Amino acid sequence: MTGTVLVTYGTTNGSTEQIAETIADVLRKDGLTVEALPAQSVTSVASYDAVVVGGGLYAGRWQKHARRFLRRHHHDLAERPLWLFSSGPLDASASEKDIPPVPGVKKAMVALDAREHVTFGGCLEEGAKGWVARMILRNGKGGDFRDFTAIETWAAHVADELAHT
Ligand SMILES: Cc1cc2nc3c(=O)[nH]c(=O)nc-3n(C[C@H](O)[C@H](O)[C@H](O)COP(=O)(O)O)c2cc1C
C-alpha cells in the first residue's frame, strides 16, 4: 500500500497515546506515511487509506473519544482496512493471553468488518484523573503494564498486512 495510514486514539491519561505513537513509528519505519492523532481531532477519514483505532478501557468500554470516533466515521471506516486495539488491564494478563474486545468494541468490529483487535496492558500512574483512579493508586494497584515489545510486534504485523493490501 502506498497511501496514508491514520493511527488514532481515545485517551484520558495519555498511555494509549504512547501506544498509538509507538505503532505509528513502526509503520513509518516500514516506509508507510502515517498520521497519529487524538480521535476527537479527526474531522474526516476520507483521505486515509487505512485506519488503526485504539481506546483506553474505562468501566468495560472504550474511552469516550474513541467510541465517538467509531460512531462518527462509521461509513468511511467500513470501507477501509481497519485495525483496533484496546489498552486497559492493570496486571500482566494481556501479556499472558489474548484478551477479547469488550462487548461494544466487539460489536464495532463486526459492524465495520475490522481486520483484527488486540488488547494491550494498561498504565495508571500518579497524576491520573478522577477519584476512582486515585483510589486504585492508593490501593497499590497502579503501574505500567504496557508491553512495548508486543506492541511493536503487532504493529509490524499490521505493516506486513498493509504491504499486501
Ligand atoms: C476509572 C477507571 C476505570 C477503568 N476501567 C477499566 C476496565 O474496565 N478494564 C480495563 O482493562 N482497565 C480499566 N482501567 C485501566 C485503564 O484502562 C488503563 O489505565 C489505561 O491504560 C488507560 O488509558 P489512558 O491512559 O490512555 O487513558 C480503568 C482505569 C480507571 C482509572
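We use all heavy atoms of the structure for the numbers below, so side chains are in, but hydrogens, waters and symmetry mates are not. Just so you know, ligand 1 is whichever comes first in the structure, and atom 1 is the first atom listed for that ligand. For clarity, every value in this text was computed on a predicted model and none was experimentally measured.
Side chain of Arg146 to main chain of Cys123: no donor-acceptor pair is present (N/O by atom type, distance under 3.5 Å, no hydrogens or angles).
In this pair, Phe120 and Phe85 present their aromatic rings tilted. The plane angle is within the 30 to 60° band.
Of the protein's non-hydrogen atoms, the one nearest atom 2 (C) of ligand 1 is Tyr58 CD2, 3.6 Å. Given atom 15 (C) of ligand 1, the protein heavy atom at minimum distance is Gly88 O, 3.4 Å. Scanning the protein heavy atoms around atom 19 (O) of ligand 1, the nearest turns out to be Cys123 O, 2.8 Å. Looking only at heavy atoms of the protein, atom 8 (O) of ligand 1 is closest to Gly60 N, 2.8 Å.
In this structure, Thr119 and Pro89 have side chains that are in contact, with non-hydrogen atoms separated by less than 4.5 Å.
Each of Leu77, Leu6, Asp113 was compared with Leu82 under the side-chain contact (heavy atoms from CB on, under 4.5 Å) criterion, and only Leu77 meets it. Results of the side-chain contact (heavy atoms from CB on, under 4.5 Å) test with Ile23 over Leu27, Asp25, Val26 single out Leu27 as the only residue that passes.
Listed here is the closest heavy atom pair of Thr11 and Thr16: OG1-N, 3.9 Å.
Listed by number with element, the atoms of ligand 1 under 4.0 angstrom from any heavy atom of Val132 are 1 (C). Atoms of ligand 1 lying under 4.0 Å from any heavy atom of Ser87, numbered from 1 in the order shown and given with element: 17 (O), 20 (C), 21 (O). Under a 4.0 Å criterion applied to the non-hydrogen atoms of Ser15, ligand 1 contributes the atoms 20 (C), 21 (O), 22 (C), 23 (O), 24 (P), 25 (O), 26 (O). Interface of Ala133 with ligand 1, defined as ligand atoms under 4.0 Å from a residue heavy atom, comprises 31 (C). Ligand-side atoms of ligand 1 in range of Gly122: 21 (O), range being under 4.0 angstrom from any heavy atom.
Under the 4.0 angstrom criterion for non-hydrogen atoms, Ala59 is in contact with ligand 1. Residue contacts with ligand 1: Gly14 is included, with a non-hydrogen atom under 4.0 Å away.
One option in Ile19, Thr12, Asp91, Leu57 has a heavy atom closer to atom 16 (C) of ligand 1 than any other, and that option is Leu57.
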Validation: residues 93-105 side-chain donor-acceptor distances under 3.5 Å, sequence neighbours left out:
| residue | atom | partner | partner atom | Å |
| --- | --- | --- | --- | --- |
| Ser93 | OG | Asp91 | OD1 | 2.4 |

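Considering backbone and side-chain N/O atoms, Leu124 never comes within less than 3.5 Å of an N/O atom of ligand 1. Taking only nitrogen or oxygen atoms, main chain and side chain alike, Glu17 does not reach within less than 3.5 Å of ligand 1.
Using modelled atom types, one finds no donor on one side chain facing an acceptor on the other under 3.5 Å when comparing Trp83 with Glu161. Between Tyr48 and Glu35, the side chains place a donor N or O and an acceptor N or O closer than 3.5 Å (distance only, hydrogens not considered).
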